Amino acid sequence: MIFESHAHYDDEVFDEDREQLLASFKEKGIDTVVNVGASLAGCRATVELTKEYPFIYGAIGIHPSEVGELNEDNFTSLKEWCALDKIVAVGETGLDYHWPEPGPALQKDWFERQLALAGEVKLPVIIHSREAAKDTLEIMQAHHAGEIGGVVHCFSYAKEMAREYLNMDFYFGIGGVITFKNAKKLKEAVEYIPMEKILLETDSPYLAPEPYRGKRNSSLHLPYVAQSIADIKGISYEEVVEITENNARRLFGL
Ligand code: NI
């Protein structure tokens, strides 16, 4: 069965049909979802989703673009949520230099704090890194991220960077971008990454695969991602689904 390793079903674009959508997953072959917190409100909603749906697990963290809302008080809440039963990771956390705000210093600061938190609560970390390859890697190495373990979500760098993350024994979240015609660099990277290190993800509601590019994404579109990976690796669709599920269960301890 398909393991969705990264989605945001707390997003308001799912308000109109969240219940029906999530209820349809099982019969479409999707049996586990990790809902990923990106803001304080998102983390709160993630905890609620894990209570409401047996097949939803949660990750607690603040996206680099949202770290402006963090302070010592609410950082304590993150730590408390991490102790809950169905919370399986810290994240998403990392660096995003695509937008000028918040500035790099603030982003780095809270990234380091969240890495330290992951080490403290002994959970793997979900990394978000966009246009910030070098700084992300430096901070991860300085914080011995290899000992914490985790996944680089929506991996979008080239093969050379994949090698660096492999050296830390990290996993790679591969999503809809792999189906895009212009994703040549990413396809080369996926060819290079061992199958045992790949997780399926959508980042729903974002990054819908072809032929739904630009539309609202959901885990129902994961078969397009799995088929692309199967084509690149020269293995069957079923093997991709099975291996990525085993990988995700190993990483998240499920
Ligand atoms: Ni995300």
Side-chain angles (χ1 to χ4, degrees), residues 3-10 32-64 66-67 69-70 72-96 107-129 136-137 139-155 165-173 196-203 244-254:
F3 191 116
E4 157 75 277
S5 67
H6 193 120
H8 302 283
Y9 288 115
D10 51 284
T32 314
V33 171
V34 176
N35 200 78
V36 178
S39 63
L40 286 164
C43 288
R44 216 170 278 123
T46 294
V47 169
E48 290 311 309
L49 284 170
T50 66
K51 288 180 181 164
E52 208 172 325
Y53 296 91
F55 64 92
I56 296 186
Y57 293 81
I60 292 295
I62 306 296
H63 186 287
E66 305 290 335
V67 292
E69 66 175 347
L70 278 172
E72 292 307 324
D73 275 351
N74 55 36
F75 194 75
T76 307
S77 306
L78 296 190
K79 193 175 163 183
E80 286 165 7
W81 285 323
C82 283
L84 297 172
D85 239 12
K86 290 179 75 189
I87 301 305
V88 295
V90 169
E92 57 189 292
T93 179
L95 301 173
D96 192 326
Q107 289 192 33
K108 285 181 188 174
D109 196 26
W110 287 112
F111 179 29
E112 294 181 316
R113 292 287 301 273
Q114 292 183 75
L115 276 178
L117 174 65
E120 194 183 329
V121 299
K122 295 192 166 46
L123 289 175
V125 68
I126 297 174
I127 303 284
H128 172 107
S129 178
T136 306
L137 196 63
I139 288 178
M140 286 172 70
Q141 285 166 341
H143 284 261
H144 307 285
E147 288 164 30
I148 297 167
V151 54
V152 185
H153 121 79
C154 190
F155 182 75
Y165 290 114
L166 273 176
N167 285 339
M168 286 190 284
D169 212 23
F170 261 64
Y171 289 80
F172 298 78
E196 282 61 39
K197 286 293 169 187
I198 293 177
L199 306 185
L200 295 181
E201 68 162 62
T202 56
D203 203 20
T244 52
E245 177 179 14
N246 290 339
N247 295 346
R249 293 195 180 282
R250 193 184 320 121
L251 174 64
F252 296 120
L254 296 172

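Since the model is a prediction, treat every value here as computed from it, not as a measurement.
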Please step through side-chain contact (heavy atoms from CB on, under 4.5 Å) for the pair Ile139 and Glu112, ending with a clear verdict.
CA-CA 7 Å; Ile139 288 178; Glu112 294 181 316; 3.8 Å; yes
Quick one: do Phe55 and Thr32 satisfy side-chain contact (heavy atoms from CB on, under 4.5 Å)? Show the steps, please.
CA-CA 5 Å; Phe55 64 92; Thr32 314; 5.5 Å; no
Yes or no on side-chain contact (heavy atoms from CB on, under 4.5 Å) for Val90 and Ile60, after CA distance, side-chain angles and deciding distance?
CA-CA 5 Å; Val90 169; Ile60 292 295; 5.9 Å; no
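Scanning all heavy atoms of the two residues, the minimum distance from Thr136 to Ser129 falls at OG1-OG, 2.8 Å. The nearest pair of heavy atoms linking Ile127 to Leu115 is CD1-CD2, 4.4 Å. The two residues Cys43 and Leu78 come nearest to each other via the heavy atoms SG-CD2, 4.2 Å. For the pair Gly94 and Pro64, the tightest heavy-atom approach, listed with the atom from each and the gap, is O-CB, 3.3 Å. Taking both residues in full, the closest heavy atoms of Ala118 and Ile148 are given as CB-CG2, 3.8 Å, listed atom of the first, atom of the second, then distance. Looking at every heavy atom in both residues, Tyr9 comes nearest to Ala7 through CE1-CB, 3.4 Å.
Side-chain atoms of Asp203 and His8 include a donor-acceptor pair closer than 3.5 Å.
A donor-acceptor distance shorter than 3.5 angstrom exists from the side chain of Lys86 to the backbone of Thr50, with no hydrogens or angles considered. Between the side chain of Asn247 and the main chain of Ile198, a donor-acceptor pair closer than 3.5 Å is present. Under the 3.5 Å distance criterion, the side-chain polar atoms of Lys79 are left unmatched by any main-chain donor or acceptor of Leu117. Under a 3.5 Å cut-off, the side chain of Ser5 and the backbone N or O of Leu200 do form a donor-acceptor pair. Side chain of Glu201 to main chain of His153: no donor-acceptor pair is present (N/O by atom type, distance under 3.5 Å, no hydrogens or angles). Using modelled atom types, no side-chain atom of Glu69 and backbone atom of Ser39 make a donor-acceptor pair closer than 3.5 Å. With hydrogens and angles disregarded, a donor-acceptor distance shorter than 3.5 Å links the side chain of Gln114 to the backbone of Ile62. Judged by distance alone, the side chain of Gln107 and the main-chain N or O of Asp96 form a donor-acceptor pair under 3.5 Å.
For the pair Tyr171 and Tyr165, the minimum side-chain heavy-atom distance is 4.5 Å or more. Counting only heavy atoms from C-beta outward, the side chains of Leu123 and Ile87 approach each other to under 4.5 Å. Val33 has its side chain out of reach of Phe3: every pair of non-hydrogen atoms, C-beta onward, lies at least 4.5 Å apart. Between His144 and Met168 the shortest side-chain heavy-atom distance does not fall below 4.5 Å.
Put simply, NE2 on His63 and CD on Glu66 are 7.5 Å apart, with the number rounded to the nearest 0.5 Å. Residue Asn246 holds its CG atom at 12.0 Å from CG of Leu254, rounded to the nearest 0.5 Å. For the atom pair Leu40 CG and Leu70 CG, the distance stands at 5.5 Å (nearest 0.5 Å). Note that CG of Leu95 and OG1 of Thr93 are 7.5 Å apart. Values are rounded to the nearest 0.5 Å. One finds the CG atom of Leu199 at 6.0 Å from the CZ atom of Phe252 (value rounded to the nearest 0.5 Å). Within the model, atoms CZ of Phe111 and CE of Met140 stand 6.0 Å from one another, a figure rounded to the nearest 0.5 Å.
Of the candidates Thr202, Thr244, Asn35, Thr202 is the only one forming a side chain to side chain donor-acceptor pair (under 3.5 Å) with Glu4.
Between Arg113 and Glu120 there is no salt bridge, since none of the side-chain N atoms of the basic residue sits less than 4.0 Å from a carboxylate O of the acidic one.
Applying the salt bridge (Lys or Arg N to Asp or Glu O under 4.0 Å) test to every pair with at least one member in residues 244-254, sequence neighbours left out, gives these pairs: Asp31-Arg249, Glu245-Arg249.
For Leu166, the side-chain contact (heavy atoms from CB on, under 4.5 Å) partners two or more places apart in sequence, or in a different chain, are Phe172, Tyr192, Pro194, Lys197.
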